[in-house]
Asker: 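The structure is given below, and queries will be raised subsequently.
Numbering of ligands and ligand atoms starts at 1, following listing order.
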Amino acid sequence: MTQNKGKALIIGAGIAGLSSAYYLLQKGWQVEILEQNDLSNNCSYGNAGMIVPSHFTPLAAPGVVAQGIRWMFDSKSPFYVKPSLSTQLLSWGIKFLKHSNQNHVDRSAQAIRDLNLASSSLYNEIAEKEDFDFELNQNGILMLYKTEKVAEEETELAHKAINLGLPVDILDKKGIQELEPNVQLDVIGGVNYKCDGHMNPMKLMKQMIAYLKNNGVIFHTQHRVTGYEIAGSTIKAVIANGKKFSADRFIMTGGSFLPELAQKAGIKIQLMPGKGYSFMHTPENPVNRLEHAALLLEARVAVTPMNGQIRFGGTMELASHHNKVNMKRVEGIVNSIPKYMPDFQVKLPIESEIWFGYRPCAPDGLPYLGQSSKLKNLIIAGGGGMMGLSLGPIFGKTVSEIANEEKPTVNINIFHPERFN
Ligand SMILES: Cc1cc2nc3c(=O)[nH]c(=O)nc-3n(C[C@H](O)[C@H](O)[C@H](O)COP(=O)(O)OP(=O)(O)OC[C@H]3O[C@@H](n4cnc5c(N)ncnc54)[C@H](O)[C@@H]3O)c2cc1C
């Protein structure tokens, strides 16, 4: 740690906020965090724990809209948009449609790859510290498919990944089964993204909070930010629970709530919450040990070995925040599992065993990361969407570099937070 640079105030204690605190601390900042809840849950806890340089294609991509429309008529499908006349959804939808093209995908791929690869190496560094042991395993993620159509699409994507310099193996049924000797796979083949990995996000979050507290970071929990005191182009203070919190630099995260937080500062950020579910399963037969995390592609289900159990996760419901569990969609996840992994006859979990979270999804599928143009002491880090956990450390490192007025290690130009203003 270096000398005191001043005070940095972070809004939000998800992976984006905690990682920002971690790297700001290393650069000598005095750090405080405002969090509206306690420190036991948000989107960063119950997710699938995957580190995904493989996800270099933004959510807005060709074919997504047509597939999405087909899925909307199936109550157990992995994707759903709640029809609504809300201006927020309409405006988001128009931008999503505009960006669902090959040009956008090609323009974004390298930048997303670089962000993810940098973040993945930072996870390796964090895991080496004695304060951390979060089951990090960088042994690849298996993309599994059952149909020729998806095999063809995934093989094409794998060739793009190879052209981007990512280590990828395209495997037939026998080749993919050899990677999972203890679990029977009913698939026609798969792709092994050797650049990917997985971890236990709950452990990471708890250990990160403990580390930050031990190193002097102050957490103000149950403090909901409701406004700002702004003079010209500078934030003077943030208002939470009727109190003012001043600082030299402000870092706005907030996950899927980022648009409300930004709007109060006069900044327009577009995000829709993409609700997803997960639950844990203990295999009846301990012999069925899964070695890798995997994505069951047609079903869009994530499978991650975690702490001797398996976490299954999936679905993307684009709608405003609501706390109801849609059991039909969870049933969709459960039903798809034995189709790929017949050893796992998973029972439908009861509602209290189902976790849900809201992915912060930008309409162009790119994160919002950088210095605000409007407010010169504000840095924004959010919109990680389906890869927000994966991107945590590079969000944090970039935030600390901007706060220090250093050139960010990774080129973040296309992630400008005010690109839709
Ligand atoms: C089912 C599922 C599976 C997923 N799997 C993966 C995966 O395998 N890999 C991956 O990389 N990503 C995955 N994700 C996505 C990932 O979990 C998110 O992108 C990431 O956790 C977002 O982190 P965040 O810090 O931006 O937001 P959050 O974790 O949501 O944290 C934001 C925090 O800000 C606080 N906040 C908001 N407004 C205010 C306010 N006004 N005042 C004070 N505090 C406020 C919130 O309370 C919250 O604690 C998954 C998501 C889901 C739902």
Side-chain angles (χ1 to χ4, degrees), residues 9-21 33-55 59 78 115-116 119-120 123 141 196-201 204-205 208-209 219-228 238-241 245 251-265 271 273-279 293 295 300-304 306 311-317 321 329-330 333 354-362 367-369 380-396:
L9 189 73
I10 298 170
I11 308 171
I15 190 65
L18 298 187
S19 301
S20 299
I33 303 186
L34 291 169
E35 167 55 50
Q36 65 183 355
N37 296 323
D38 56 14
L39 300 173
S40 63
N41 192 17
N42 56 37
C43 196
S44 304
Y45 287 78
N47 59 63
M50 295 183 173
I51 302 173
V52 285
S54 56
H55 286 30
L59 182 61
L115 211 56
N116 261 309
S119 214
S120 171
Y123 267 127
I141 292 185
D196 286 5
H198 67 273
M199 65 161 102
N200 184 325
L204 169 73
M205 292 294 286
M208 188 59 97
I209 290 165
F219 286 83
H220 303 273
T221 53
Q222 312 291 355
H223 274 69
R224 181 163 181 266
V225 171
T226 48
Y228 305 87
V238 158
I239 298 161
N241 291 13
F245 293 84
I251 294 89
M252 196 186 275
T253 71
S256 58
F257 301 93
L258 177 58
E260 290 97 289
L261 273 169
Q263 193 191 21
K264 289 185 181 114
L271 279 182
K275 188 171 183 178
Y277 301 97
S278 77
F279 54 87
L295 283 167
R300 298 288 198 276
V301 166
V303 185
T304 311
M306 219 175 269
R311 174 167 290 171
F312 292 104
T315 84
M316 171 78 94
E317 288 173 29
H321 295 99
R329 300 221 181 268
V330 180
I333 299 176
I354 299 166
W355 173 89
F356 60 84
Y358 303 99
R359 301 174 189 88
C361 299
Y368 294 109
L369 180 62
I380 297 175
M386 299 191 296
M387 50 191 173
L389 177 79
S390 196
L391 295 177
I394 193 63
F395 272 15

Asker: Does even one non-hydrogen atom of Ser278 get within less than 4.0 Å of ligand 1?
Answerer: no

Asker: Nearest to atom 13 (C) of ligand 1, what protein heavy atom do you find, and at what distance?
Answerer: Met386 O, 3.3 Å

Asker: Backbone, side chain, both or neither: what part of Ala381 comes under 4.0 angstrom of ligand 1, heavy atoms only?
Answerer: neither

Asker: What part of Tyr45 sits under 4.0 Å from ligand 1 if we count only heavy atoms: the side chain, the backbone, both or neither?
Answerer: neither

Asker: In the protein, what heavy atom is nearest to atom 50 (C) of ligand 1, and what distance, to one decimal place, separates them?
Answerer: Asn47 CB, 3.3 Å

Asker: Closer than 4.0 Å to some heavy atom of Gly12 - which atoms of ligand 1 meet that?
Answerer: 33 (C), 34 (O), 35 (C)

Asker: Counting each atom of ligand 1 from 1 as listed, which ones have a heavy atom of Gly276 under 4.0 Å away?
Answerer: 1 (C), 53 (C)

Asker: Examine Leu391 against ligand 1 and note whether any of their N/O atoms are separated by less than 3.5 Å.
Answerer: no

Asker: With atom 23 (O) of ligand 1 as the reference point, say which of Gly388, Ser44, Gly14 has the nearest heavy atom.
Answerer: Ser44

Asker: Is the number of heavy atoms from other residues, nucleotides or ligands within 6.0 Å of CD (Gln222) greater than 12?
Answerer: yes

Asker: Just need the protein heavy atom nearest to atom 51 (C) of ligand 1, so name the residue and atom and give the distance.
Answerer: Arg359 CG, 3.4 Å

Asker: Among all protein heavy atoms in this structure, tell me which lies nearest to atom 15 (C) of ligand 1, with the distance rounded to 0.1 Å.
Answerer: Gly385 O, 3.1 Å

Asker: Tell me which part of Lys275 gets within contact of ligand 1: side chain, backbone, both or neither, using heavy atoms under 4.0 Å.
Answerer: neither

Asker: Which ligand 1 atoms does Tyr277 reach within 4.0 Å, using its non-hydrogen atoms?
Answerer: 1 (C)

Asker: Within less than 4.0 angstrom of ligand 1, does Pro360 place any heavy atom?
Answerer: yes

Asker: What do you reckon, does Asn37 put a non-hydrogen atom under 4.0 Å from ligand 1?
Answerer: yes

Asker: Does the residue Gly313 have a heavy-atom contact with ligand 1, meaning some pair of atoms that are separated by less than 4.0 Å?
Answerer: no

Asker: With the side chain counted from C-beta on, respond yes when Met306 and Pro201 share a heavy-atom pair under 4.5 Å apart, and no when they do not.
Answerer: yes

Asker: Under 4.0 Å from ligand 1, counting heavy atoms only, is it the side chain of Leu261, its backbone, both or neither?
Answerer: side chain

Asker: Can you sort out which atoms of ligand 1 are near Arg224, meaning under 4.0 Å from one of its heavy atoms?
Answerer: 41 (N), 42 (N)

Asker: Which residue holds the protein heavy atom closest to atom 42 (N) of ligand 1, what is that atom called, and what is the gap in Å?
Answerer: Val225 N, 2.9 Å

Asker: Quick check for you: to the nearest 0.5 Å, what is the distance between Leu34 atom CG and Phe219 atom CZ?
Answerer: 11.0 Å

Asker: Mind checking whether Val52 has an N or O less than 3.5 Å away from an N or O of ligand 1?
Answerer: no

Asker: Within ligand 1, which atoms have a heavy atom of Met50 less than 4.0 Å away?
Answerer: 7 (C), 8 (O), 9 (N), 10 (C), 11 (O)

Asker: Select the closest option to atom 40 (C) of ligand 1 among His198, Gln36, Glu35, judged by heavy-atom distance.
Answerer: Gln36

Asker: Below 4.0 angstrom from a heavy atom of Ser390, which ligand 1 atoms are there? Numbered from 1 as shown, please.
Answerer: 10 (C), 11 (O)

Asker: Any idea which protein heavy atom is nearest atom 26 (O) of ligand 1, and the distance to it?
Answerer: Gly255 CA, 3.6 Å

Asker: Can you pull out the closest protein heavy atom to atom 53 (C) of ligand 1? Residue, atom name and distance to 0.1 Å, please.
Answerer: Gly357 O, 3.5 Å

Asker: Please work out which of the three classes, parallel, tilted or perpendicular, describes the rings of Phe257 and His321, given edges at 30° and 60°.
Answerer: parallel

Asker: Does Cys43, backbone or side chain, put an N or O under 3.5 Å from an N or O of ligand 1?
Answerer: yes

Asker: For ligand 1, which atoms sit closer than 4.0 Å to a heavy atom of Ala48?
Answerer: 3 (C), 4 (C), 5 (N), 6 (C), 8 (O)

Asker: What atoms of ligand 1 come closer than 4.0 angstrom to any heavy atom of His223?
Answerer: 42 (N), 43 (C)

